[in-house]
Amino acid sequence: MKKIGVLTSGGDSPGMNAAVRAVVRKAIYHGVEVAGVYSGYQGLIEGNIKNLEAGDVGDIIQRGGTKLYSARCEEFRTEAGQLKAIEQMKKEGLEGLVVIGGDGSYRGAMALTKRGFPCVGVPGTIDNDIPGTDYTIGFDTALNTVIEAIDKIRDTATSHERTFIVEVMGRDAGDLALWAGLAGGAETILIPEESYDIGDMIDRLQKGRDRGKRHSIIIVAEGVMGGNELKALIKEKADIETRVSVLGHIQRGGSPTARDRVLGSLFGARAVEVLIEGVGGRAIGMKNHQVVDYDMTEAFTAEHNADMSLYTLSKELAI
Ligand code: ADP
């Protein structure tokens, strides 16, 4: 392979820049040219593609977001859109593409691979919800952002003897809520994977108060319900006042943690190694502390399983 492309797609996540940097530099290291595709599949269709040199990805490893920008693109879901994309890549002399994104982006990458244009996927999402990898790029940074927020909320909760509800991201996957709940010492964690029992939650709140706890933190993943909805439910069932903090998009931003930079670098480099062997349709991941590559289809057909032992432990500890 003489020249490859790299793009970031779907929801951005901190550490994507480290992955882009690794793709560019690893390719150059192997004597392969690289081009960056700007604004995901939209840019691919429009031919928004520029050659990247080693220096072009300097000073980005520490930055959140993505230097290549990201986008969602409806046209790319169609055959016509995909053929246009392939035409643009051929015009630029590209022979393979690294796609950094979530499972939606992987579906797009697989579609291109099936049309004869090899793509390799790198998991970038704060949700940590891609099957086949234990971690995705951005999860650790988002988790630390949530923890920082919980710690601050806990200070004011203790001072005023209050119960706080913290709503975190996670439409289908509860990883962020689970890890943040355990690391933040939350009394209760509500995640999409587990049905909740409002009576049990109220019991816990009351028990905590009875033993003199001045604060309670409830973490709710957005996929279960909104923080304000939960507040209304607790008020209705137990007449307990709560305060709500919806963390929102701050969870997606910020300088990536060391862990996400390392993960981005490892994944980006491995993607290039796989791609320059001419292999497409593979996804990169971390399994049992080893960087692996596996059939990309698994990433959007298998089910993601959150680590439920964290849920159990957090319940045991929050007595
Ligand atoms: P993420 O990659 O974060 O899961 P999305 O699900 O929004 O984000 O997907 C990003 C983009 O990937 C979409 O805007 C679309 O262009 C492309 N895509 C998603 N699903 C498919 C599909 N089934 N076929 C082709 N392209 C797809």
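The figures that follow rest on heavy atoms only: side chains count, while hydrogens, waters and symmetry mates do not. Order of listing sets the numbers, starting from 1, for every ligand and every atom in it. Quick note: residue numbers are just sequence positions, from 1.
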Side-chain donor-acceptor distances from residues 51-62 under 3.5 Å, at least two apart:
residue, atom, partner, partner atom, Å
Asn51, OD1, Lys3, NZ, 2.7
Asp56, OD2, Glu53, N, 2.7
Asp59, OD1, Gln62, NE2, 2.7
Asp59, OD2, Arg63, NH2, 2.8

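Contact residues for ligand 1 (protein heavy atom closer than 4.0 angstrom to any ligand atom): Ser9, Gly10, Gly11, Tyr41, Arg72, Cys73, Phe76, Arg77, Gln82, Gly102, Asp103, Gly104, Ser105, Arg107, Gly108.
The closest side-chain donor-acceptor pair between Thr141 and Arg261, if any, does not fall under 3.5 angstrom.
For the pair Thr188 and Arg204, the tightest heavy-atom approach, listed with the atom from each and the gap, is OG1-CD, 3.8 Å.
Residue pairs meeting the salt bridge (charged side-chain N to carboxylate O under 4.0 Å, His left out) criterion with at least one partner in residues 10-34, sequence neighbours excluded, are Asp12-Arg252, Lys26-Glu273.
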**Request:** Let me see the working for Val168 and Trp179 under side-chain contact (heavy atoms from CB on, under 4.5 Å), right down to the final yes or no.
**Result:** CA-CA 11 Å; Val168 303; Trp179 284 71; over 6 Å; no
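Scanning for ring pair (Phe, Tyr, Trp, His ring centres under 6.0 Å) contacts around Phe267 gives an empty result, with sequence neighbours left out.
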